[in-house]
Amino acid sequence: MLDFERLFAKYRLPSSERVATPPGCWTNFLGLHTRTDMFPAAENLSGKYVAELPLNGDGVYGPPAEYAALLTAIEAKQADRRSFSAIELGAGWGPWISAAGVVCKRLGFKTINLVGVEAEKAKVARMTEHLTMNGLMQAPVHCKILKGAAWHEDATVFFPKELSIVDYGGAATTREGGLDYRGIDLETEATSGYSLETICAGLDRVDFAHLDVAGAEWKIADMSREFMSAKFHHIFIGTHSRKIEGNLIQLFYELGWHLLKHDACHYNYDLSKPTVEAMTLSDGCMLFRNPRFMGTT
């Protein structure tokens with residue numbers, strides 16, 4: 001079981017290293033600056049440094065398990081700080097690769113590789129801005145931002161053309177236009193779909209992968225079994241239906257991976273919804289560790 005309080009306290013930014021929070025932003029316990037206008041309920045945080053540990057979540061980024069997943073992956077590399085590589089799929093503004101970069105840079109990792117994949121152009125721009133604001137677009141950090149969608153193969157897919165900056169539910173599809181999985185009628189545009197192999201090109205190992213792709217998570221994992229087993233150490237997956245969760249449990253069980261954390265998604269069975277994923281009220285999460293890398297750095 002993950003010890004949230006120990007992890008959070010260990011990696012909290014020391015008070016002696018705090019710097020001023022940029023205007024229109026807030027700073028979390030890791031020392032990560034984030035614009036408040038990307039969240040419906042964060043305007044009251046503007047200009048604030050929030051040192052409290054998010055043991056019950058911070059109401060903005062995500063549940064405590066999401067923070068703990070990243071810090072668990074970083075802790076596994078503490079004995080050898082030559083490099084750390086993190087990828088974020090369905091990255092939005094890149095919260096988890098940027099958190100990885102801020103913590104690993106402070107810990108003195110010699111090389112830090114960050115890869116973010118996002119299909120919505122406004123959020124891609126925000127990701128670049130966010131990484132820059134946090135001092136991550138320069139050595140020893142190496143950033144790669146891909147505009148497009150994480151997918152189970154390299155292909156052309158369709159993604160909503162215009163989404164609100166606070167809408168993080170957009171999903172890639174093979175179908176142009178029409179109702180999305182939530183039943184919302186959205187205009188779409190063609191974009192690149194990237195396989196894990198393409199996304200991770202040039203990386204010998206992925207220490208932390210964060211996958212939040214609005215229903216495509218199982219097929220991506222299923223079609224990349226051998227690649228993940230060879231390259232990935234820790235993978236955190238945001239889940240969008242009980243069916244997907246069951247499929248992922250079966251998949252990683254067959255691969256022999258360890259399940260370190262699982263919070264099931266909450267849903268309301270409703271026949272009026274267009275898909276099972278649309279019944280989900282709040283996402284679930286899973287953190288898996290690859291036994292191939294246990295005992296290694």
Side-chain angles (χ1 to χ4, degrees), residues 1-2 4-5 7-8 26 28-29 34 36-45 50 52-72 88-96 99 118-120 123 149-150 160 163-173 179-184 186 208-221 234-252 259-288:
M1 181 177 294
L2 301 183
F4 291 180
E5 187 167 8
L7 279 170
F8 296 169
W26 72 291
N28 71 2
F29 76 108
T34 304
T36 59
D37 63 358
M38 292 186 291
F39 312 96
E43 288 299 327
N44 63 323
L45 293 174
V50 181
E52 289 80 10
L53 303 180
L55 297 175
N56 296 308
D58 58 20
V60 181
Y61 259 46
E66 218 157 355
Y67 281 110
L70 170 63
L71 297 177
T72 296
E88 187 170 3
L89 315 182
W93 75 99
W96 301 107
E118 171 57 44
E120 210 277 312
K123 292 185 176 69
L163 285 175
S164 164
I165 199 68
V166 297
D167 183 350
Y168 299 103
T173 177
L179 300 179
D180 75 355
Y181 71 100
R182 301 171 294 183
I184 302 174
L186 293 170
F208 180 69
H210 186 284
L211 190 65
D212 190 352
V213 289
E217 56 268 25
W218 174 72
K219 194 162 187 180
I220 291 173
H234 295 83
I235 181 167
F236 177 93
I237 305 177
T239 57
H240 298 82
S241 77
R242 291 288 181 87
K243 181 179 186 299
I244 289 172
E245 289 176 345
N247 288 343
L248 289 169
I249 288 172
Q250 181 68 39
L251 186 158
F252 285 99
L259 178 59
L260 303 185
K261 180 64 177 175
H262 178 203
D263 291 330
C265 65
H266 297 282
Y267 77 102
N268 179 44
Y269 186 77
D270 185 348
L271 291 175
S272 71
K273 298 295 185 182
T275 63
V276 172
E277 288 76 23
M279 298 180 192
T280 300
L281 303 175
S282 60
D283 297 346
C285 68
M286 295 176 164
L287 174 63
F288 292 97

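For this chain, numbers begin at 1 and follow the sequence in order.
In summary, of the residues considered (L211, L89, D283), a side chain to side chain contact (heavy atoms under 4.5 Å, CB included) with I237 occurs for L211 alone.
Annotation: the span from K243 atom NZ to T280 atom OG1 amounts to 12.5 Å, rounded to 0.5 Å. Interatomic distance, OG1 of T72 versus CG of L7, reported as 4.5 Å (0.5 Å rounding).
At a threshold of 4.5 Å between non-hydrogen side-chain atoms, the residues H262 and E245 count as touching. A heavy-atom distance below 4.5 Å is not found between the side chains of V50 and F29. With a 4.5 Å cut-off on side-chain heavy atoms, W26 and V60 count as touching. R242 places none of its side-chain heavy atoms less than 4.5 Å from the side chain of Y269. Annotation: side chain of K123 is not in contact with side chain of M38 (no heavy-atom distance under 4.5 Å). Within the 4.5 Å cutoff, side-chain heavy atoms of D263 are placed close to those of C285. You'll find the side chain of F236 stays beyond 4.5 Å of the side chain of L70, heavy atoms only. No side-chain heavy atom of Y61 sits under 4.5 Å from any side-chain heavy atom of E66.
Taking a 6.0 Å sphere around CG of N268, one finds it holds more than 12 heavy atoms contributed by other residues, nucleotides or ligands.
The heavy-atom pair separating G62 from D58 by the smallest distance is N-OD1, 3.6 Å. In terms of heavy atoms, V213 sits closest to G90 at CG1-N, 4.0 Å. What you find for P64 and L55 is that their closest heavy atoms are CG-O, 3.4 Å. When every heavy atom of T239 is checked against every heavy atom of C265, the shortest pair comes out as O-CB, 4.1 Å. Taking all atoms of both residues into account, the shortest heavy-atom contact from A65 to F4 is CA-CZ, 3.7 Å. Closest heavy-atom contact between A221 and L248: CB-CD2, 4.1 Å.
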- Query: Could you go step by step and tell me if T34 and N28 meet the side chain to side chain contact (heavy atoms under 4.5 Å, CB included) rule?
  - Reply: CA-CA 8 Å; T34 304; N28 71 2; 5.9 Å; no
- Item | D212 vs H240, side chain to side chain contact (heavy atoms under 4.5 Å, CB included): CA-CA, chis, key distance, verdict | CA-CA 9 Å; D212 190 352; H240 298 82; 3.1 Å; yes
- Message: The test is side chain to side chain contact (heavy atoms under 4.5 Å, CB included); show your working for F288 and L251 and say whether it passes.
- Response: CA-CA 11 Å; F288 292 97; L251 186 158; over 6 Å; no
